[in-house]
Amino acid sequence: MIEMPPQPPVIRGDAPVLLPHERSRLRAAAHHARRALPGPLGDLVHRELMAYAEFGHRMTDDALIPRLAADVLARPAAGETSS
């Protein structure tokens, strides 16, 4: 008996579009990530945020990427101290 592979999930193509201000905030967070998180971690965060902004669609409902952007933007650049 030949087993058929499982069917791939249905992709609806209806992911919500990121608004221009959301994309801008993600890009700002991506650039700040390299200053706030120097080294490989900052590079990784930069790449992920830029990729999400360039893709331009909200892919999940868990808000991980917006929370990541908010966390990065709340951090001072390396070497800066908050007063």
Side-chain angles (χ1 to χ4, degrees):
M1 173 183 277
I2 298 175
E3 281 192 41
M4 299 298 289
Q7 294 294 319
V10 175
I11 299 174
R12 298 180 313 220
D14 62 351
V17 174
L18 291 173
L19 298 174
H21 74 276
E22 294 172 310
R23 293 175 78 176
S24 179
R25 181 175 170 85
L26 291 171
R27 286 188 184 105
H31 294 301
H32 184 64
R34 287 188 165 158
R35 293 186 301 272
L37 303 164
L41 182 58
D43 291 340
L44 176 64
V45 171
H46 175 267
R47 286 183 190 177
E48 287 299 313
L49 291 172
M50 286 300 292
Y52 201 87
E54 289 172 10
F55 183 69
H57 290 79
R58 193 171 296 108
M59 295 175 270
T60 64
D61 292 330
D62 66 2
L64 177 61
I65 296 297
R67 288 183 307 159
L68 176 62
D71 184 84
V72 168
L73 289 171
R75 294 172 183 265
E80 285 185 12
T81 57
S82 57
S83 308

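Hydrogens, waters and symmetry mates are skipped; everything else that's a heavy atom, side chains included, is used.
Hydrophobic clustering (side-chain heavy atoms under 4.5 Å, transitive across Ile, Leu, Val, Met, Phe, Trp, Tyr) groups Phe55 together with Leu68. Cluster membership check: Leu44 does not share its hydrophobic cluster with Met50, using side-chain heavy-atom separations under 4.5 Å among Ile, Leu, Val, Met, Phe, Trp and Tyr.
Taking NE2 of His32 as the start and CZ of Arg75 as the end, the distance is 9.0 Å to the nearest 0.5 Å. Taken from NE2 in His31 to NE2 in His46, the straight-line distance is 5.0 Å, to the nearest 0.5 Å. Atoms CG and CD, from Leu18 and Glu54 in turn, are 12.0 Å apart once rounded to the nearest 0.5 Å. Interatomic distance, CZ of Arg34 versus CG of Leu41, reported as 12.0 Å (0.5 Å rounding). Here the CZ-CG distance, from Arg25 to Leu49, works out to 10.5 Å after rounding to the nearest 0.5 Å. Between atom CD of residue Glu22 and atom CZ of residue Arg27 there is a gap of 12.0 Å, rounded to the nearest 0.5 Å.
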Salt bridge (Lys or Arg N to Asp or Glu O under 4.0 Å) for Arg67 and Asp71? Distances and angles first, verdict last.
CA-CA 6 Å; Arg67 288 183 307 159; Asp71 184 84; over 6 Å; no
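When all heavy atoms are compared, the tightest approach of Leu26 to Ala69 is CD2-CB, 3.8 Å.
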